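Single-structure report; data block below.
All values reported here derive from a predicted model rather than from experimental measurement.
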There are 2 protein chains.
Amino acid sequence: MLAAQRKDLILTTLRDQGRVVAKDLAAELDLSEDTIRRDLRELAAEGHLHRVHGGALPASPAVADFTARTTIGTGAKAEVARTAAALVRPGQTVAIDGGTTARELARALPADLRATVVTHSPTVAVELAVHPTVEVIIVGGRLFKHSVVAAGALAHEAIGRVSVDAFFLGVTGIHPAAGLTTGDADEAAIKRAWTERAAETYVLGSGEKIGAASAFEVVPLAAVTAVLTDAAAPARGVAELRAAGVRVLGVS
Amino acid sequence: MLAAQRKDLILTTLRDQGRVVAKDLAAELDLSEDTIRRDLRELAAEGHLHRVHGGALPASPAVADFTARTTIGTGAKAEVARTAAALVRPGQTVAIDGGTTARELARALPADLRATVVTHSPTVAVELAVHPTVEVIIVGGRLFKHSVVAAGALAHEAIGRVSVDAFFLGVTGIHPAAGLTTGDADEAAIKRAWTERAAETYVLGSGEKIGAASAFEVVPLAAVTAVLTDAAAPARGVAELRAAGVRVLGVS
DNA sequence: CAATAACGTGCAGAAACGTGCAAAAACAAG
DNA sequence: CTTGTTTTTGCACGTTTCTGCACGTTATTG
């Protein structure tokens, strides 16, 4: 057995059994405990496991966190997110906005999806850090703490150099007359910049946002490909959007 | 059963059953009561449980919450983080690397600190989103999932346009001969770029990293201002660093 | 109150630890 | 192919951690 294989075995054993006992493994592999201890020490130094007396434990309780994280979300936002995730094609480059629905979208992406996600949301980036196949590009800038997204001229400039197949836009208001709105002017400009760089723009619009309007327009409704909402969205609001020529997905 | 596992079992039993009876647990695990009592004493000393005659009860909710926060706050990495946080002066611009110690540093910054933090770690950015006064600049780039940091040419270029008063550098190895090392070459280059843009560089080096060495050198030890470590750092490792002319803070 | 159970401390033996070293195996260059 | 270099492995050994024992002290119970 090669030394590298042995390290893989250690990590696999850790994952499967939740622990490694140095003495047992040495006997099993017919090696000295010294060798196993050396392996454990090195793997611990690289952050792959937690070295304890007599063996090793998993690196962190992050396994439990991973499980919680991958629990399928319920509620309106998760519904919207699923509708959105189904629109992402393998091989595409898509941009994801910030916010809780956007975060749900990051979670809802299929585990085998091979695509590139560009985002100015560190929260979305952290969510996608555990995705096995999606490539993630972070757009930097000044952190707008209210929404936990990068904003300002730095972000705006960086977005201007990106082109994406689709942009998943988060807003706070979806109104037939007022259009798509949000509460901060700088954030509105960032979102607008994304729509200008995207072939298609889908609004993440759970029902509570329909009929609402905030202070700053992002883009008019005519500028987007569709509004993605949920089954419980208000029928009148949906009807009004459709009457205005807007494509609404996620509700009959 | 490993000793560390047994402590986990005790805490799990406490959560599930609301109590631990020392005599019963000793019988169940075929160990002496002395051993169980020692475990309970140690866990109580760390605030994880309430020691009572005959066994243990859960720490009270308020204490448990405080302890959970304090437990994070009392580990080696939190110690290092506190030493680091104390070095940040109001009005400064500092860069924070990625990793768990870096995240602790973000948490350890004083609540009234007025400074600017630049980081290529979305995790650090998310932590600082709740800080009332610190300005945060995110450096974008391709997400290196293993360490959850932005990397690649985009990040490297962005860092080249930033100057900071101090860079708090995370590594996996601190060795008198091998220098400061990490496990990925691209990440090593990003870290190096930061050291070149920083007036001072402080290494976040909890004790387990001292004496260890990973594959890729970031910078030699002579290139940094100081290594910040914790009280439990190995004395020999610390002595060797000091003998090599390295300033080591956080341990006598 | 006395008897019993549980406690914490100090101690010794066993197990595990990490370091330095040398030999063997693997690798790379000529 | 040979030779020099690097990596891997086990050994020896001093250090550290873990565990049970003994025992005096403290708490609980009838």
Side-chain angles (χ1 to χ4, degrees), chain A residues 1-10 13-14 19-46 48-57, chain B residues 1-10 14 19-46 48-57 76 172-179 181 183 205-217 229-244 251:
Chain A
M1 174 178 280
L2 301 173
Q5 282 178 304
R6 204 171 56 237
K7 286 188 179 182
D8 285 343
L9 175 68
I10 287 171
T13 303
L14 254 197
R19 64 160 192 181
V20 167
V21 179
K23 184 173 178 170
D24 292 349
L25 189 58
E28 189 181 317
L29 300 181
D30 199 27
L31 295 168
S32 83
E33 284 184 49
D34 286 328
T35 299
I36 302 300
R37 282 208 281 266
R38 224 169 345 238
D39 286 344
L40 296 181
R41 203 181 307 141
E42 285 162 16
L43 286 168
E46 294 162 22
H48 292 124
L49 55 79
H50 178 47
R51 180 83 170 97
V52 299
H53 201 91
L57 295 174
Chain B
M1 173 175 286
L2 302 172
Q5 273 183 300
R6 205 171 55 236
K7 288 189 178 182
D8 287 345
L9 176 69
I10 287 171
L14 261 192
R19 65 166 192 174
V20 167
V21 179
K23 185 171 177 172
D24 292 349
L25 189 58
E28 189 181 316
L29 300 180
D30 199 27
L31 296 167
S32 84
E33 285 184 48
D34 284 329
T35 299
I36 302 301
R37 282 210 280 268
R38 225 170 346 237
D39 285 345
L40 296 181
R41 202 181 307 138
E42 285 163 18
L43 287 169
E46 294 162 21
H48 292 302
L49 54 81
H50 178 47
R51 181 82 169 94
V52 297
H53 203 88
L57 295 175
T172 52
I174 302 172
H175 193 278
T181 54
S206 46
E208 84 230 14
K209 301 176 186 181
I210 293 179
S214 302
F216 302 99
E217 186 191 61
T229 191
D230 59 282
R236 172 179 290 206
V238 171
E240 284 174 350
L241 290 179
R242 285 178 169 151
V251 65

Contact summary for [X] and [Y], nearest pair of heavy atoms:
X       : Y       : answer
A:His53 : B:Leu2  : O-CD2, 3.7 Å
B:Leu9  : B:Met1  : CD2-CE, 4.2 Å
B:Leu14 : B:Ala56 : CD2-O, 3.6 Å
A:Ile10 : A:Val20 : O-CG2, 3.7 Å

**Prompt:** Taking protein heavy atoms under 4.0 Å as touching, what does nucleotides 6-12 of chain D look like 5' to 3' if B marks base contact, S marks sugar-phosphate-only contact and - marks none?
**Reply:** ---BBBB

Distance, rounded to the nearest Å, where [X] contributes [atom1] and [N] contributes [atom2]:
X       : N      : atom1 : atom2 : answer
A:Leu40 : C:dT19 : CG    : C1'   : 17 Å
B:Ile36 : D:dC18 : CD1   : P     : 14 Å
A:Arg37 : C:dG18 : CZ    : C1'   : 8 Å
B:Glu42 : C:dC7  : CD    : C1'   : 15 Å
A:His53 : C:dC17 : NE2   : P     : 5 Å
B:Lys7  : D:dC18 : NZ    : P     : 7 Å

**Asked** Considering residues at least two apart in sequence or located in another chain, which fulfil the salt bridge (charged side-chain N to carboxylate O under 4.0 Å, His left out) criterion with B:Glu28?
**Response** none

**Request:** Could you work out which one of C:dA6, C:dG18, C:dA16 sits closest to the side chain of B:Lys23?
**Result:** C:dA6

**Prompt:** Nearest to the side chain of A:Arg41 - C:dC7, C:dC17, C:dT19?
**Reply:** C:dT19

**Asked** Looking at B:Arg51, does any N or O in its side chain come under 4.0 Å of the phosphate oxygens OP1/OP2 on C:dG8?
**Response** yes

**Asked** How would you label the contact of B:Val21 with the nucleic acid (heavy atoms, under 4.0 Å): base, sugar-phosphate, or nothing?
**Response** nothing

**Message:** Tell me whether B:Arg6 at atom CZ has more than 12 heavy atoms from other residues, nucleotides or ligands lying less than 6.0 Å away.
**Reply:** yes

